[in-house]
Every structure is written in C-alpha cells, then in structure tokens.
Amino acid sequence: MGSTGSIGTQALDVIARLPDFLQVEVLTAHSQADLLIQQAKKFQPNMVVIGDESRYEYVKEALWNDDVKVFAGARALDDVVRMDCVDIVLAAIVGVAGLSPAYRALESGKCVALANKETLVVAGELMTRAARENGASIIPVDSEHSAIFQSLVGEAHAAVTRLILTASGGPFRGLSREQLQTVTRAEALRHPNWSMGHKVTIDSATMMNKGLEVMEAQWLFSMPLEKISVLVHPQSIVHSLVEFEDGSVKAQLGMPDMRLPIQYALTYPARLDSGLPRLDLTQQSQLTFEKPDTEAFPCLPLAIEAARQGGAHPCVLNAANEVAVGLFLQDRIGFYDIPRIVETALAHAPACKPASVAEHLDIDRQTRQSIIQSYSK
Ligand code: NDP
Ligand code: MG
C-alpha cells in the first residue's frame, strides 16, 4: 500500500532483487496513476488500487491488455488487504489514510510490515489488540524500530530496561529558537541523511517525527513511555539501541538506506543479500551523540505529553500535525505555527477514549475541520 511513495518505490527495488522470495500481488497508489501503471506493467500484480476514483478509467484503460484487475477508492483498500493471496501487507501510505486498511489487514491475520507510523500513533491500542486477537504480526519498517526489533531477537521482554531511539536532528539541528523562526519550506525539506516523502521530512525537521516514533515504540514493543528515550545522532549510522537489565546495550548499525529495514521486514526472519553498500566504520570519521533540544523543538515534548495523556490526545495530535504540515508545505504558515496549531488542538481534545476505527476517524475529522475552518477565515 503506497507503492508510488518513497517507501513504496524502495520496496519495489527490494522486491525486484528477490524474485524467488517475494512476489507482488497488489499495488496501491493515490494520485500518481502513471507511476502505478508503470509499476503494474513491470511487476504484473494480481490487482491494483488507485485511491483517486477520478483516475480509475485512465488506469483501467492503460492496463486493459495486462492481466491486472483494477479497483478504485478507499474502500477497495480495505478489501484487497484481506485477499487470500496476500501474506504480507507493506503499510506505506502516509498519514491516517492508512489506518483503516492496516487495521483490516491485522483483523484478517496478515503480517503487516509497518512504515505508516501514524496508524500506531493514532490507534496503537486498537491496532496491537487486533494483531494479538487475530494471530497477526506487525514488523516495523521504520529504521529505528527495525533496529530495536533486530536487537530484541532472542531476548526476553522482562530483561529490557530502556529503548533508545536515535534521531538525526534533521536539517535544523543546533539552531536556536530565534534562528528557527524564519526557516522556509525549502530549507525544511533538505534533510541531511535521508530522502523521504514530504510529510515525514517536515516531521523530521520539527522533530515531531521522533515524538511519533516514541509512541510507535510504546505500542510495538509494549514499553512504558518512561523506558523510552531519544538520543540525537547526526550521522544516522546507529539506528537505535536497547539497554538490558544487566547494563548491556545492543544496537543495530548500517548505512542510512531504507531498503535495508524494508527488506528485513519483508524477509524476516531470513537475512538475504541486499546488494546494498556495506558500512565501513573506518570511513566514518566520528559517531556523535547528544541530547535533543526540546526548547527549540517543542513538537517532541508535545507528542510525548499527548502519549502520556492517552485517550483522544494522540489522535488529535496526529490530525493537527498532518494539517499543520500541509499548511506549512503550502507556505501558508511558519515553522513554529506547527507546534502552536498542535498545542491549541490538544487543549481542545475531547475527553473520550476512542475504541473503534470509526471513532478514531471521527476525532481525526473533527480536529481537521476546526483547524481548517480557522485558516479559511
Ligand atoms: P510518500 O508521501 O512518499 O508516499 C505516500 C504514499 O501513500 C504514496 O504512494 C501515496 O500515493 C499514498 N497515499 C497518499 N495519500 C493517500 C490516501 N489518502 N489514500 C491512499 N494512499 C495515499 O511517503 P513516504 O513513503 O515517505 O512515507 C510513507 C510512510 O512511511 C509514512 O507514514 C512515513 O512516516 C513512514 N516512513 C517513511 C520513511 C521514508 O524514508 N520515506 C522512513 C520511515 C517511515 P500517491 O503518491 O500516488 O499520491
Ligand atoms: Mg524513523
């Protein structure tokens, strides 16, 4: 799901290298119909879904000669993930749009390789319960969580004392609050180590991404928030660490290339030759670590506080952040308007505990509407 995105296209690179191990059954895109058609012609899936229904005829026409079924719209996503021919669902849609299909995949007992961290942020309890109750598994794709997942292989949960998520610090690491007031969209999109979709790139610049990842880790590894910490590591070589009862710390290292965690999630527990450049530590002049600057990057503590509050707060935080990032990408608001919008939305979070996908999506919708209304005045 999300085959035309940054994770999706890199996943297809991985799959193309491992034809004996991985076959594509379904591809889904939202607006990039031409790229979806090109991918379908190359990988010959059983079916494709184009989210934007107005492009259905166009995609169908282009694939009429290929043996590929074409569907359109959000509901089709919920259906294709349940098909018997599907073993693993790579959830690589961006934002809350990926929630319903990822949930349906877990409900039908599939293995979900999860890149779409927003789904766990918004509905972590619901998603992990669906996995537990239906014998489904969630394998992380996010590089930090993949590192933790890899470090936990063979270890007992009770022996873990701390998860340490590393953060590159993004393009604005080291800048003061004052200097950050005037940063632009173009500067925020220039990530030093990773080439990613726009939304996660802006989240990295505000460090909201790390806050979302703390919540993701909380649910993926059943870990209380007090046992999860964040460490800034600008070189993005140490992808994250786990500390154990005896004081020992395990980490996973690698070049900053998402194809590695994507492949691990798709082939787990097997490790196969990835053909990717190898890490040569003699070529890394230094690996450095520092504390995050929560004054300059208030999105990080905002997210952790929302996680602590629980209930509707994480869902409101995510919705407000998605809208704010969208406004920032349209040059309609400044950098610090992102945490301001999120904080205001959280102050008005409803005092309820959403229990179903529909209830989460309701809160998401209400939060978006109230922010969008105030910006359309
Ligand atoms: P992109 O923006 O590059 O891609 C998003 C994908 O989702 C595209 O295929 C897009 O389709 C599809 N999509 C967008 N909106 C909808 C919708 N409403 N309904 C259905 N499909 C939709 O994002 P990334 O690949 O960067 O990120 C995907 C997820 O992975 C995010 O949650 C991100 O946080 C996470 N992640 C990404 C990393 C990275 O390196 N990129 C690293 C770690 C996590 P189309 O393009 O056709 O419109
Ligand atoms: Mg990450």
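For ligands, and for the atoms within them, numbers begin at 1 and follow the listed sequence. Since the model is a prediction, treat every value here as computed from it, not as a measurement.
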Considering heavy atoms of the protein only, find what lies nearest to atom 26 (O) of ligand 1 and give residue, atom and distance to 0.1 Å.
-> Gly197 N, 2.8 Å
When you measure from atom 31 (C) of ligand 1 to each heavy atom in Glu118, Lys199, His198, His30, which option holds the nearest one?
-> Glu118
Got more than 12 heavy atoms from elsewhere within 6.0 Å of CG, Asp84?
-> no
Salt bridge between Lys69 and Asp79, side-chain N to carboxylate O under 4.0 Å?
-> no
Does the side-chain hydrogen bond (donor to acceptor under 3.5 Å, both in side chains) test come out yes or no for Asn209 and Glu213, once each step is laid out?
-> CA-CA 6 Å; Asn209 184 48; Glu213 290 185 356; 3.1 Å; yes
May I ask you to decide if the ring planes of His233 and Phe289 are parallel, tilted or perpendicular, using 30° and 60° as cut-offs?
-> parallel
Any N or O of Thr28 closer than 3.5 Å to N or O of ligand 1 | no
Starting from atom 37 (C) of ligand 1, locate the nearest protein heavy atom and write down its residue, its atom name and how far away it is, to 0.1 Å.
-> Ile7 CG1, 3.5 Å
Nearest protein heavy atom with distance in Å, relative to atom 5 (C) of ligand 1 = Val94 CG1, 3.7 Å
Would Gly51 count as a contact of ligand 1 if the rule is a heavy atom under 4.0 Å away?
-> no
Ion pair present between Glu305 and Arg308, side-chain N to carboxylate O less than 4.0 angstrom?
-> yes
Atom 41 (N) of ligand 1 sits nearest the protein heavy atom Ser6 OG, 3.1 Å
Nearest-option assignment for atom 30 (O) of ligand 1, heavy atoms, candidates Ala11, Ala115, Ala92 | Ala115
Testing Asp66, Asp67, Asp34 for salt bridge (charged side-chain N to carboxylate O under 4.0 Å, His left out) with Lys41, which one passes?
-> Asp66
The answer for which part of Met196 has a heavy atom under 4.0 Å from ligand 1 is both
For Gly2, the ligand 1 atoms whose distance to one of its heavy atoms is below 4.0 Å | 6 (C), 7 (O), 9 (O)
Give a yes or no on whether a salt bridge exists between Glu243 and Lys250, defined as a side-chain N under 4.0 angstrom from a carboxylate O.
-> no
Run the ring-ring contact (aromatic ring centres under 6.0 Å, His included) check on Tyr56 and Phe71 step by step: do they pass?
-> CA-CA 7 Å; Tyr56 171 73; Phe71 301 96; 8.2 Å; no
List the closest protein heavy-atom neighbour of atom 42 (C) of ligand 1: residue, atom name, distance to the nearest 0.1 Å.
-> Met258 CE, 3.8 Å
For the pair Ser229 and Arg162, evaluate side-chain hydrogen bond (donor to acceptor under 3.5 Å, both in side chains) and give the outcome as yes or no after the intermediate values.
-> CA-CA 7 Å; Ser229 57; Arg162 201 154 57 109; 3.0 Å; yes
Asn193/Ser168 under side-chain hydrogen bond (donor to acceptor under 3.5 Å, both in side chains): CA gap, chis, key distance, verdict | CA-CA 8 Å; Asn193 306 342; Ser168 69; 4.7 Å; no
Counting from 1 in the order shown, the ligand 1 atoms closer than 4.0 Å to a non-hydrogen atom of Ser31 are 45 (P), 47 (O), 48 (O)
Ring centers of Tyr268, Phe149 separated by less than 6.0 Å = yes
Please work out whether any backbone atom (N, CA, C, O) or any side-chain heavy atom from C-beta onward of Val200 is under 4.0 Å from ligand 1, and answer side chain, backbone, both or neither.
-> side chain
Cationic N near anionic O, under 4.0 Å, Lys110 to Asp87 | no
Among all protein heavy atoms, pick out the one at the shortest distance from atom 43 (C) of ligand 1; state its residue, atom name and that distance to 0.1 Å.
-> Asp142 OD1, 3.1 Å
Atom indices of ligand 1, in the order listed, that fall short of 4.0 Å to a heavy atom of Ala97 = 17 (C), 18 (N), 19 (N)
Do the charged groups of Asp203 and Lys199 touch, with an N to O distance under 4.0 Å?
-> yes
In one Ile/Leu/Val/Met/Phe/Trp/Tyr side-chain cluster, 4.5 Å: Met127, Ile228 | yes
N/O to N/O below 3.5 Å, does that happen between Thr4 and ligand 1?
-> yes
Protein N/O/S atoms closer than 2.8 Å to the Mg ion (ligand 2), ordered by chain and number, come to Asp142 OD1, Glu144 OE1, Glu213 OE2
For atom 34 (O) of ligand 1, what is the nearest protein heavy atom, given as residue, atom name and distance?
-> Lys117 CE, 3.2 Å
Salt-bridge criterion met for Lys353 and Glu125 (N-O under 4.0 Å) = yes
Which atoms from ligand 1 have a heavy atom of Gly5 less than 4.0 Å away?
-> 1 (P), 3 (O), 4 (O), 8 (C), 9 (O), 25 (O)
Identity and separation of the nearest protein heavy atom to atom 46 (O) of ligand 1 = Gln32 NE2, 2.8 Å
